[in-house]
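Below is one structure, written out as structure tokens; the observations come after it.
All heavy atoms count here, side chains included; hydrogens, waters and symmetry mates do not. Positions are given from 1, in the same order as the sequence printed here.
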Amino acid sequence: MSPKPVILDVDPGHDDAVAIMMACGSPGLDLRAVTTVAGNATLPKTTRNALRILSLIGHTDVPVGAGAPEPLERPLRTAEDIHGESGMDGPEIPEPTFEVNKLDAVEVMADAIQESSEPVTLIPVGPLTNIATFLRKYPDLKGRISRVSLMGGSMGLGNTTPAAEFNVYVDPEAAREVFRSGLPITMCGLDVTHQAGAGRTERDRLRGIGEVGEVVAGFLDFFAGTYERVFGFDAPPLHDPVAVAAVLEPGLLKTRRMNVEVECESDLTRGETVCDFHGVTGRPPNAEVGVGLDREAFFDLLLDSLKRL
Ligand code: RIB
Ligand code: CA
């Protein structure tokens with residue numbers, strides 16, 4: 001079976017970095033472009049980090065388009081407390097060996113989709129600002145998108161407020177537009193990504209697979225430290241790689257089809273993904289929401305992809 005063409009939209013971020021590596025190491029995916037958005041850190045930092053990761057693993061042929069420096073309507077909220085000042089603190093890795101594309105994220109996305117002979121899967125794992133902006137500018141290209149496998153939201157508690165997960169909290173208006181777009185959506189929310197915690201056992205497994213594994217383990221050691229300090233446990237969830245795995249091996253994720261709406265009016269619950277699990281609202285289902293993850297198979301898939309780098 002030919003590899004699936006995908007575009008990753010990222011805000012690296014430690015788990016974004018692992019998602020980029022996973023996508024590059026997986027023979028089942030063809031990474032056509034990476035686009036960057038402000039989120040875990042400001043846009044210059046997330047863009048530098050994406051370029052550094054791709055340079056580190058020698059995938060400098062992947063076009064990187066820089067996108068939105070801030071959300072559609074709100075001031076940017078970043079997450080240095082989790083990812084550090086650079087957005088990807090921890091082991092030092094070299095500066096990029098190639099430049100960001102002269103086209104911005106939306107144009108890089110549009111070019112990659114128009115040039116593809118088959119529909120492309122979008123894998124946004126940061127605030128959804130770029131995706132919403134792309135859909136506004138290129139509605140005619142929606143038919144060339146096979147699915148959006150996004151990391152974001154939660155059926156239950158948030159991680160940024162009691163109600164909201166970070167990516168959706170940062171740009172709730174963008175998330176609302178994506179969920180209302182009519183595109184096939186897989187929502188990899190906290191309900192499943194919290195089942196992908198990288199504890200000491202997983203980090204030691206990573207150290208055993210060679211140079212790339214060492215770097216990833218080093219990143220996750222840093223991530224574990226901040227997670228411990230902020231959330232009280234040291235198994236940082238590999239949020240973003242779950243959205244990649246959901247494209248690679250859909251069977252890893254147990255999903256339930258339901259309507260998801262995003263709260264944008266309330267200050268108290270801004271960014272909440274209101275998931276109609278029991279279908280009581282009468283609103284038409286618009287997403288496959290992750291409700292379970294095969295954790296062991298996920299980590300096997302992740303390590304298998306990283307070993308190939
Ligand atoms: O809430 C977790 C999400 O926010 C992840 O994508 C992480 O990288 C941050 O972007
Ligand atoms: Ca992210």
Side-chain angles (χ1 to χ4, degrees), residues 1-6 8 10 12-31 34 40 49-50 52-59 62 82-83 88-94 121 123 125 149-151 186 188-228 233-255 290 292-309:
M1 195 164 113
S2 61
K4 292 178 186 174
V6 300
L8 261 175
V10 294
H14 294 79
D15 54 326
D16 304 70
V18 182
I20 293 170
M21 291 177 170
M22 184 176 190
C24 289
S26 299
L29 299 181
D30 179 3
L31 183 59
V34 169
N40 284 319
N49 291 337
R52 287 201 293 164
I53 288 294
L54 288 166
S55 302
L56 180 75
I57 59 176
H59 285 247
V62 177
I82 299 291
H83 296 280
M88 211 166 67
D89 284 10
E92 261 315 301
I93 60 171
T121 297
I123 310 179
V125 293
S149 178
L150 64 90
M151 192 282 137
T186 299
C188 302
L190 298 179
D191 318 277
V192 288
T193 67
H194 278 171
Q195 297 176 41
R200 287 182 189 286
T201 306
E202 289 72 30
R203 300 201 299 270
D204 288 344
R205 270 184 78 187
L206 281 161
R207 272 181 259 277
I209 66 168
E211 192 187 333
V212 167
E214 282 286 351
V215 171
V216 172
F219 275 139
L220 296 181
D221 287 340
F222 174 87
F223 199 7
T226 56
Y227 236 81
E228 174 98 55
F233 61 98
D234 73 341
L238 290 179
H239 300 288
D240 299 342
V242 172
V244 173
V247 177
L248 256 179
E249 296 283 350
L252 285 184
L253 200 69
K254 183 169 182 287
T255 62
L293 176 72
D294 182 337
R295 173 185 164 80
E296 192 177 331
F298 166 75
F299 275 102
D300 289 347
L301 187 66
L302 172 63
L303 270 80
D304 178 63
S305 65
L306 297 180
K307 278 177 192 164
R308 297 167 186 270
L309 292 174

Under the rule for side chain to side chain contact (heavy atoms under 4.5 Å, CB included), what residues qualify as partners of E228, not counting sequence neighbours?
D234

Once side chain to side chain contact (heavy atoms under 4.5 Å, CB included) is applied, do any residues pair with D89, and if so which ones, sequence neighbours excluded?
E85, S86, F222

Determine yes or no for a side-chain-to-main-chain donor-acceptor pair under 3.5 angstrom, with T186 supplying the side chain and S149 the backbone.
no

Would you compute the distance between atom CZ of R295 and atom CG of L252 and round it to the nearest 0.5 angstrom?
13.0 Å

With sequence neighbours excluded, residues passing side-chain hydrogen bond (donor to acceptor under 3.5 Å, both in side chains) with Q195
none

If you define the side chain from C-beta out and look only at heavy atoms, does anything of L301 sit under 4.5 Å from M22?
yes

Nearest atoms (heavy-atom pairs only) where C188 meets T193:
O-CG2, 3.8 Å

Any side-chain heavy-atom pair from L54 and C24 closer than 4.5 angstrom?
yes

D204: side chain to side chain contact (heavy atoms under 4.5 Å, CB included) partners, not counting sequence neighbours
R207

Quick one: does L8's side chain get under 4.5 Å of L31's, heavy atoms only?
yes

Nearest 0.5 Å, please: how far is CD1 in I209 from CG in D304?
9.0 Å

Return the set of residues passing ring-ring contact (aromatic ring centres under 6.0 Å, His included) with F223 (not counting sequence neighbours), or none when no residue passes.
H14, H83, Y227

All ring-ring contact (aromatic ring centres under 6.0 Å, His included) counterparts of H59, not counting sequence neighbours:
none

Mind checking side chain to side chain contact (heavy atoms under 4.5 Å, CB included) for A50 and listing every partner two or more places apart, or none if nothing turns up?
V10, P12, I20, V34, T36

Set of side-chain hydrogen bond (donor to acceptor under 3.5 Å, both in side chains) partners for T121, sequence neighbours left out:
S146

Which heavy atom of P237 sits nearest a heavy atom of H194, and at what distance?
CG-CD2, 3.4 Å

side-chain hydrogen bond (donor to acceptor under 3.5 Å, both in side chains) involving S305 - partner list, sequence neighbours excluded:
none

Side-chain touch D240/V18, heavy atoms, less than 4.5 angstrom:
no

Applying salt bridge (charged side-chain N to carboxylate O under 4.0 Å, His left out), name anything that partners D300, two or more places apart in sequence or on another chain.
R205

Residues two or more places apart in sequence or in another chain: which of them pass side-chain hydrogen bond (donor to acceptor under 3.5 Å, both in side chains) with D294?
none

Contact check, side chains of I53 and I93, non-hydrogen atoms, under 4.5 Å:
yes

Closest non-hydrogen atoms of P236 and R203, given as atom of the first, atom of the second and distance, are CD-NH1, 4.0 Å

Interatomic distance, NE2@H239 vs CG@D16, rounded to 0.5 Å, equals 10.0 Å

Taken to the nearest 0.5 Å, the spacing of I57 CD1 from L309 CG works out to 5.0 Å

Would you please name every residue forming a ring-ring contact (aromatic ring centres under 6.0 Å, His included) with F299, sequence neighbours left out?
none

